[in-house]
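Accompanying notes for the structure given below.
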Amino acid sequence: MASRIAVIDFETTGSSPGQGARATEVAIVIVERGAVVDSYQSLMNGGVWVPPFITQLTGITNAMVAEAPPAAEVMAQASRFVGETPLVAHNAAFDRGFWQAELARAGCAAAQPFACTVRLSRRLYPEAPNHQLGTLARFHRLPSAGRAHRALADAQVTAALLLRIQQDLSERWGVAAPEHGFLMALQACAKARLPGFLAQHGAAQALRR
DNA sequence: TGCCAGGCCCTCTTTAGGGCCTT
(Lines give C-alpha, C1' and ligand atoms only; values in the text may rest on other atoms or scores of the structure.)
Protein backbone atom coordinates (compact mmCIF):
# COMPACT_ATOMS: atom_id res chain seq x y z
CA MET A 1 0.00 0.00 0.00
CA ALA A 2 1.36 3.39 -1.00
CA SER A 3 0.65 5.01 2.37
CA ARG A 4 2.71 2.41 4.23
CA ILE A 5 6.11 3.72 5.38
CA ALA A 6 8.86 1.92 7.35
CA VAL A 7 10.84 4.07 9.79
CA ILE A 8 14.28 2.61 10.49
CA ASP A 9 17.06 3.29 12.97
CA PHE A 10 20.45 1.60 13.43
CA GLU A 11 22.82 1.59 16.38
CA THR A 12 26.37 0.99 15.18
CA THR A 13 30.00 0.78 16.27
CA GLY A 14 30.96 3.93 14.35
CA SER A 15 29.97 6.46 11.78
CA SER A 16 30.78 4.81 8.47
CA PRO A 17 30.50 1.23 7.17
CA GLY A 18 33.24 2.17 4.73
CA GLN A 19 35.58 2.53 7.71
CA GLY A 20 34.69 -0.86 9.16
CA ALA A 21 31.80 0.18 11.40
CA ARG A 22 29.07 -2.42 11.83
CA ALA A 23 25.46 -2.31 13.00
CA THR A 24 24.78 -3.56 16.52
CA GLU A 25 21.01 -3.06 16.61
CA VAL A 26 18.21 -2.31 14.16
CA ALA A 27 14.63 -1.24 14.70
CA ILE A 28 11.85 -0.70 12.17
CA VAL A 29 8.49 0.91 12.90
CA ILE A 30 5.67 0.68 10.34
CA VAL A 31 3.49 3.77 9.90
CA GLU A 32 0.23 3.50 8.03
CA ARG A 33 -2.79 5.82 7.78
CA GLY A 34 -1.47 8.18 10.44
CA ALA A 35 -0.58 5.55 13.05
CA VAL A 36 2.12 3.09 14.10
CA VAL A 37 0.84 -0.38 13.20
CA ASP A 38 3.84 -2.72 13.65
CA SER A 39 7.48 -2.83 14.69
CA TYR A 40 10.63 -5.01 14.58
CA GLN A 41 13.73 -4.73 16.76
CA SER A 42 16.82 -6.84 17.31
CA LEU A 43 20.39 -6.59 18.51
CA MET A 44 22.80 -8.23 16.08
CA ASN A 45 26.24 -9.80 16.26
CA GLY A 46 28.56 -8.70 13.48
CA GLY A 47 31.58 -10.14 15.26
CA VAL A 48 33.02 -6.74 16.05
CA TRP A 49 34.21 -4.90 19.14
CA VAL A 50 31.95 -2.20 20.60
CA PRO A 51 34.03 0.87 21.58
CA PRO A 52 33.53 2.25 25.11
CA PHE A 53 32.14 5.56 23.92
CA ILE A 54 29.48 3.69 21.93
CA THR A 55 28.54 1.70 25.04
CA GLN A 56 28.36 4.96 26.98
CA LEU A 57 26.19 6.51 24.27
CA THR A 58 23.83 3.60 23.60
CA GLY A 59 24.06 1.27 26.58
CA ILE A 60 24.88 -1.56 24.16
CA THR A 61 27.77 -3.65 25.50
CA ASN A 62 30.10 -6.21 23.97
CA ALA A 63 28.34 -8.88 26.05
CA MET A 64 24.94 -7.90 24.62
CA VAL A 65 26.26 -8.07 21.06
CA ALA A 66 28.02 -11.38 21.71
CA GLU A 67 24.73 -12.96 22.83
CA ALA A 68 22.76 -11.50 19.89
CA PRO A 69 21.82 -13.47 16.77
CA PRO A 70 24.19 -13.24 13.76
CA ALA A 71 23.93 -9.98 11.81
CA ALA A 72 23.11 -11.78 8.55
CA GLU A 73 20.20 -13.59 10.21
CA VAL A 74 18.82 -10.36 11.69
CA MET A 75 19.19 -8.44 8.44
CA ALA A 76 17.40 -11.19 6.50
CA GLN A 77 14.51 -10.90 8.98
CA ALA A 78 14.56 -7.10 8.72
CA SER A 79 14.56 -7.29 4.93
CA ARG A 80 11.54 -9.59 4.95
CA PHE A 81 9.80 -7.34 7.48
CA VAL A 82 10.30 -4.23 5.32
CA GLY A 83 9.60 -5.92 2.00
CA GLU A 84 9.13 -3.24 -0.65
CA THR A 85 7.90 -0.63 1.83
CA PRO A 86 9.69 2.73 1.33
CA LEU A 87 11.91 3.82 4.21
CA VAL A 88 12.32 6.91 6.35
CA ALA A 89 15.18 7.68 8.75
CA HIS A 90 16.54 10.62 10.74
CA ASN A 91 19.65 11.58 8.77
CA ALA A 92 18.88 8.97 6.13
CA ALA A 93 22.35 9.04 4.59
CA PHE A 94 23.67 7.41 7.77
CA ASP A 95 21.05 4.65 8.08
CA ARG A 96 20.92 4.05 4.31
CA GLY A 97 24.65 3.38 4.35
CA PHE A 98 24.32 0.71 7.04
CA TRP A 99 21.12 -0.72 5.52
CA GLN A 100 22.87 -1.24 2.21
CA ALA A 101 26.15 -2.47 3.70
CA GLU A 102 24.59 -4.95 6.15
CA LEU A 103 22.10 -6.27 3.57
CA ALA A 104 24.94 -6.74 1.07
CA ARG A 105 26.83 -8.78 3.69
CA ALA A 106 23.68 -10.83 4.24
CA GLY A 107 23.20 -11.39 0.50
CA CYS A 108 19.94 -9.43 0.39
CA ALA A 109 18.85 -6.66 -1.98
CA ALA A 110 18.38 -3.08 -0.76
CA ALA A 111 16.26 -1.23 -3.29
CA GLN A 112 13.97 0.80 -1.05
CA PRO A 113 14.00 4.61 -1.41
CA PHE A 114 14.93 6.59 1.75
CA ALA A 115 13.28 9.82 2.84
CA CYS A 116 14.98 11.87 5.56
CA THR A 117 13.29 13.56 8.51
CA VAL A 118 16.31 15.87 9.00
CA ARG A 119 15.92 17.22 5.48
CA LEU A 120 12.13 17.44 5.82
CA SER A 121 12.43 19.17 9.18
CA ARG A 122 14.88 21.72 7.81
CA ARG A 123 12.39 22.46 5.02
CA LEU A 124 9.29 22.69 7.21
CA TYR A 125 10.53 23.88 10.61
CA PRO A 126 13.33 26.43 10.04
CA GLU A 127 12.39 27.97 13.39
CA ALA A 128 13.49 24.85 15.32
CA PRO A 129 16.62 25.40 17.51
CA ASN A 130 18.36 22.62 15.60
CA HIS A 131 17.31 19.40 13.87
CA GLN A 132 18.72 16.76 16.17
CA LEU A 133 16.12 14.09 16.95
CA GLY A 134 15.97 14.88 20.68
CA THR A 135 15.61 18.60 20.05
CA LEU A 136 12.81 18.04 17.54
CA ALA A 137 11.05 15.70 19.97
CA ARG A 138 11.02 18.47 22.58
CA PHE A 139 10.20 21.16 20.01
CA HIS A 140 7.12 19.23 18.85
CA ARG A 141 6.39 17.80 22.31
CA LEU A 142 6.46 14.27 20.93
CA PRO A 143 5.79 11.42 23.37
CA SER A 144 8.84 9.89 25.02
CA ALA A 145 9.69 6.42 23.72
CA GLY A 146 12.34 5.29 26.21
CA ARG A 147 16.13 5.59 26.27
CA ALA A 148 17.50 7.74 23.46
CA HIS A 149 20.16 6.09 21.27
CA ARG A 150 18.51 2.71 21.40
CA ALA A 151 17.17 1.67 18.02
CA LEU A 152 13.51 1.06 18.87
CA ALA A 153 13.15 4.21 20.98
CA ASP A 154 14.77 6.37 18.30
CA ALA A 155 12.70 4.73 15.53
CA GLN A 156 9.53 5.37 17.54
CA VAL A 157 10.44 9.04 18.05
CA THR A 158 11.29 9.36 14.36
CA ALA A 159 7.94 7.77 13.50
CA ALA A 160 6.19 10.28 15.77
CA LEU A 161 8.09 13.07 14.00
CA LEU A 162 7.06 11.67 10.62
CA LEU A 163 3.41 11.59 11.72
CA ARG A 164 3.74 15.20 12.92
CA ILE A 165 5.21 16.20 9.55
CA GLN A 166 2.37 14.45 7.70
CA GLN A 167 -0.19 16.08 10.01
CA ASP A 168 1.29 19.56 9.49
CA LEU A 169 1.51 19.06 5.72
CA SER A 170 -2.16 18.23 5.74
CA GLU A 171 -3.45 20.80 8.25
CA ARG A 172 -1.06 23.75 7.72
CA TRP A 173 -0.15 23.40 4.06
CA GLY A 174 -3.22 21.68 2.62
CA VAL A 175 -1.45 18.58 1.33
CA ALA A 176 -3.88 15.67 1.59
CA ALA A 177 -2.41 12.32 2.74
CA PRO A 178 1.29 13.10 2.06
CA GLU A 179 2.81 9.77 1.07
CA HIS A 180 6.44 8.70 0.62
CA GLY A 181 6.76 9.93 -2.95
CA PHE A 182 5.60 13.37 -1.91
CA LEU A 183 8.09 13.41 0.99
CA MET A 184 10.91 12.57 -1.44
CA ALA A 185 9.85 15.43 -3.72
CA LEU A 186 9.52 17.79 -0.77
CA GLN A 187 12.98 17.06 0.64
CA ALA A 188 14.49 17.53 -2.83
CA CYS A 189 12.76 20.89 -3.27
CA ALA A 190 15.08 23.89 -2.98
CA LYS A 191 14.44 26.07 0.06
CA ALA A 192 13.57 29.12 -2.03
CA ARG A 193 10.98 27.16 -4.01
CA LEU A 194 9.31 25.55 -1.00
CA PRO A 195 6.41 28.02 -0.50
CA GLY A 196 5.39 27.69 -4.12
CA PHE A 197 5.84 23.92 -4.05
CA LEU A 198 3.57 23.53 -1.02
CA ALA A 199 1.00 26.00 -2.34
CA GLN A 200 0.90 24.31 -5.72
CA HIS A 201 0.65 20.82 -4.27
CA GLY A 202 -1.95 21.84 -1.72
CA ALA A 203 -4.05 23.42 -4.42
CA ALA A 204 -3.62 20.39 -6.66
CA GLN A 205 -4.74 18.11 -3.85
CA ALA A 206 -7.70 20.36 -3.06
CA LEU A 207 -8.89 20.21 -6.67
CA ARG A 208 -8.93 16.40 -6.54
CA ARG A 209 -11.07 16.25 -3.41
C1' DT B 1 41.79 -1.75 22.46
C1' DG B 2 40.49 3.57 18.66
C1' DC B 3 40.51 6.62 15.11
C1' DC B 4 37.29 9.61 13.13
C1' DA B 5 33.23 9.61 7.54
C1' DG B 6 29.75 10.71 4.34
C1' DG B 7 26.08 13.31 2.54
C1' DC B 8 23.62 17.33 2.57
C1' DC B 9 22.85 22.32 3.03
C1' DC B 10 23.94 27.29 3.13
C1' DT B 11 26.43 31.20 1.55
C1' DC B 12 30.64 35.80 2.54
C1' DT B 13 29.12 29.99 -3.54
C1' DT B 14 29.31 27.60 -8.03
C1' DT B 15 37.22 27.18 -9.76
C1' DA B 16 34.91 26.44 -1.92
C1' DG B 17 34.55 26.14 2.78
C1' DG B 18 32.30 25.28 6.92
C1' DG B 19 28.50 23.45 9.70
C1' DC B 20 25.06 19.97 10.75
C1' DC B 21 23.49 15.15 11.72
C1' DT B 22 23.98 10.21 12.52
C1' DT B 23 26.86 6.23 15.73
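The figures that follow rest on heavy atoms only: side chains count, while hydrogens, waters and symmetry mates do not. The structure presented is a predicted model; accordingly, all values stated were derived computationally and were not measured. Residue numbering restarts at 1 for every chain, and letters A, B, ... go by the order of the sequence lines.
Atom CD in A/Q19 sits about 10 Å away from atom C1' in B/dG6, given to the nearest Å. Rounded to whole Å, atom P of B/dC9 lies 11 Å from atom CG of A/L120. Spacing between atom CD of A/Q187 and atom P of B/dC10 amounts to 13 Å, rounded to whole angstrom units. Rounded to a whole Å, the CZ atom of A/F98 is 10 Å from the C1' atom of B/dG6.
Using a cutoff of 4.0 Å between basic side-chain nitrogens and carboxylate oxygens, A/D154 and A/R150 are not scored as salt-bridged.
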Side chains of residues 139-148 of chain A: which donor-acceptor partners sit under 3.5 Å, not counting sequence neighbours?
residue: A/R147; atom: NE; partner: A/T58; partner atom: O; Å: 3.4
residue: A/R147; atom: NH2; partner: A/Q56; partner atom: O; Å: 3.4
residue: A/R147; atom: NH2; partner: A/L57; partner atom: O; Å: 3.2

List, one per line, each side-chain donor-acceptor pair under 3.5 Å for residues 66-87 of chain A, sequence neighbours excluded.
residue: A/Q77; atom: OE1; partner: A/Y40; partner atom: OH; Å: 2.7
residue: A/T85; atom: OG1; partner: A/V82; partner atom: O; Å: 2.9

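The P atoms of B/dC4 and B/dC8 are separated by 24 Å, rounded to the nearest whole Å. Only the P atoms considered, B/dT23 is 26 Å distant from B/dG18, to the nearest whole Å. Rounded to whole Å, the separation between the C1' atoms of B/dG19 and B/dC12 comes to 14 Å. B/dT13 and B/dG17 have their P atoms separated by 12 Å, with the value rounded to a whole Å. Rounded to whole Å, the C1' atom of B/dG6 lies 25 Å from the corresponding atom of B/dT1. Here, B/dC20 and B/dT15 have their C1' atoms 25 Å apart, quoted to the whole Å. Rounded to whole Å, the C1' atom of B/dC10 lies 12 Å from the corresponding atom of B/dT14.
In this view, A/R22 and A/E102 satisfy the side chain to side chain donor-acceptor pair (under 3.5 Å) rule, not counting sequence neighbours. Remark: A/T12 engages no residue in a side chain to side chain donor-acceptor pair (under 3.5 Å) (not counting sequence neighbours). Looking at residues two or more places apart in sequence or on another chain, you find no ring-ring contact (aromatic ring centres under 6.0 Å, His included) involving A/F10.
Side-chain atoms of A/I165 and A/T117, non-hydrogen and from C-beta on, do get closer than 4.5 Å to each other.
Nearest-nucleotide positions on DNA chain B for A/R119 and A/P52 put A/P52 closer to the 5' end. Heavy-atom nearest nucleotides on DNA chain B were determined for A/K191 and for A/S16, and the one closer to the 5' end corresponds to A/S16.
Listed pair A/R123 / B/dC9 meets the phosphate criterion, a side-chain N or O lying under 4.0 Å from OP1 or OP2.
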Point to revise | Per-nucleotide protein contact string for nucleotides 16-23 of chain B, where B marks a base within reach and S marks sugar-phosphate only (heavy atoms under 4.0 Å, - for neither) | key: ----BBBB
